[in-house]
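A short worksheet on the structure shown next.
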Amino acid sequence: SNNYALTGSGGALYSNHNITINGNTNISGNLSAGSGGALFAAGLGTANTVTLDTSLGHIAFTGNKSGVTFTDGVPDDGSGVSNAIHLDKNTELIIKGNNNVYLHDGINAGTGGGNSLTKIGAGILQFMGNSILNANNVAGGAVAVNGGVFRVVSGASFTTGGNDNALLTVGTDGTLEGGGTITSANGFVINGTISPDADAFEIPADLSTAGRNLVDNAKKIATMTLT
């Protein structure tokens, strides 16, 4: 945490090929002048992965920014935009395990395309802010929620991008939650559950503590937008 990339991309990590981040990890306060506040995935091969494995606990991204300007190595006040992960091209983002991933800085994509997202296991993947998986009008953009919860909170958005008939698919063990906006350029196939709510889960103080958040009863009525 609290790393700076003063002239390049990836405030904390720059990956050319595959990388795995294990659970019980808080990635926060990283800043980059380029793309990828915390992590820049370059996707130099044709089949690259960024795996967030929650087997050992929760994973949280918060307070990371890209596009930051610096003066004498010090970040300029108010510069940059909230961003955790930049998937430049040809990269599958894999979320696995029974604990949670809190992407409170969101993700974005380069122009090369070929990105996808796969959600495996019973854990929760929570997006805050605005996220873009893949560039528009290029190949890529498939999302498979094979298990657990994919949630976009109220006021946030998730956009698949892509143009090659890739779909956002929710399997029988998967759930869409939240009150945000989910945009799939090529449509949805939903065999699981849709459960709108107005809640936003806080990051646990102890990321090693197993368990899932539960929606507050007072916040169970909301509207989720699928476009």
Side-chain angles (χ1 to χ4, degrees), residues 9-11 13-21 27 32 34-52 59 61 64-67 81-96 101-120 125-153 156-171 174 176-178 180-190 192 224-227:
S9 295
L13 298 165
Y14 186 108
S15 173
N16 287 328
H17 296 290
N18 301 334
I19 186 170
T20 296
I21 296 173
I27 301 175
S32 72
S35 301
L39 168 63
F40 183 94
L44 295 187
T46 57
N48 310 278
T49 58
V50 171
T51 302
L52 306 181
I59 299 173
F61 290 84
N64 303 289
K65 289 184 175 183
S66 62
V81 295
S82 178
N83 174 246
I85 299 172
H86 177 93
L87 304 174
D88 204 50
K89 60 183 180 298
N90 300 329
T91 300
E92 180 184 13
L93 177 61
I94 301 173
I95 313 296
K96 62 185 295 186
V101 173
Y102 301 88
L103 271 168
H104 287 190
D105 302 320
I107 65 175
N108 64 9
T111 59
N115 297 330
S116 62
L117 186 153
T118 303
K119 172 75 178 67
I120 307 167
L125 169 60
Q126 175 172 274
F127 287 96
M128 297 182 73
N130 300 315
S131 290
I132 299 172
L133 176 63
N134 196 83
N136 290 322
N137 302 316
V138 293
V143 175
V145 184
N146 296 326
V149 176
F150 183 102
R151 62 182 284 113
V152 180
V153 305
S157 67
F158 178 91
T159 301
T160 64
N163 76 342
D164 63 346
N165 297 317
L167 301 167
L168 192 153
T169 302
V170 182
L176 296 184
E177 282 188 356
T181 298
I182 303 174
T183 300
S184 175
N186 299 298
F188 298 82
V189 175
I190 298 175
M224 175 191 303
T225 302
L226 304 181
T227 64

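Along the sequence shown, residues carry numbers from 1.
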Got a sec, which residues hit side-chain hydrogen bond (donor to acceptor under 3.5 Å, both in side chains) with Asn18, two or more places apart in sequence or on another chain? Thr49
Would you check if Glu92 and Leu117 make a side-chain contact, meaning some heavy-atom pair closer than 4.5 Å? no
What one should report as the nearest heavy-atom pair of Thr111 and Val138 is O-CG1, 3.9 Å
If we count only N and O atoms by modelled type, under 3.5 Å, do the side chains of Ser157 and Asn130 hold a donor and an acceptor together? yes
Can you tell if the side chain of Lys119 reaches within under 4.5 Å of the side chain of Lys96, non-hydrogen atoms only? no
So, does Asn83 use its side chain to make a donor-acceptor pair with the main chain of Gly37 at under 3.5 Å? yes
State whether the side chain of Asn48 and the backbone N or O of Asn90 hold a donor-acceptor pair below 3.5 Å, judged by distance alone. yes
For residues Phe150 and Phe158, establish whether the separation of their ring centroids is below 6.0 Å. yes
Pairwise side-chain contact, Leu13 with Ile19, heavy-atom cut-off 4.5 Å (strictly under): yes
What I'd like to find out is whether the side chain of Val153 reaches to under 4.5 Å of the side chain of Phe127, using heavy atoms alone. no
Please report the closest heavy-atom contact between Asp105 and Phe61, naming both atoms and the distance. OD2-C, 3.4 Å
Is there side-chain contact between Ile21 and Ile27, with at least one heavy-atom pair below 4.5 Å? yes
Pairwise salt bridge (Lys or Arg N to Asp or Glu O under 4.0 Å) hits with a residue in residues 143-153, at least two apart: Arg151-Glu177, Arg151-Asp197
Intermediate values then yes/no, side-chain hydrogen bond (donor to acceptor under 3.5 Å, both in side chains), Thr183 and Thr227: CA-CA 5 Å; Thr183 300; Thr227 64; 2.7 Å; yes
Is there side-chain contact between Ser116 and Val143, with at least one heavy-atom pair below 4.5 Å? no
Would you say the side chain of Asn115 lies within less than 4.5 Å of the side chain of Leu93, judging by non-hydrogen atoms? no
Does the side chain of Ile190 reach to within under 4.5 Å of the side chain of Leu176, using non-hydrogen atoms? yes
How far apart are the closest heavy atoms of Gly140 and Ala166, and which atoms are they? O-CB, 3.7 Å
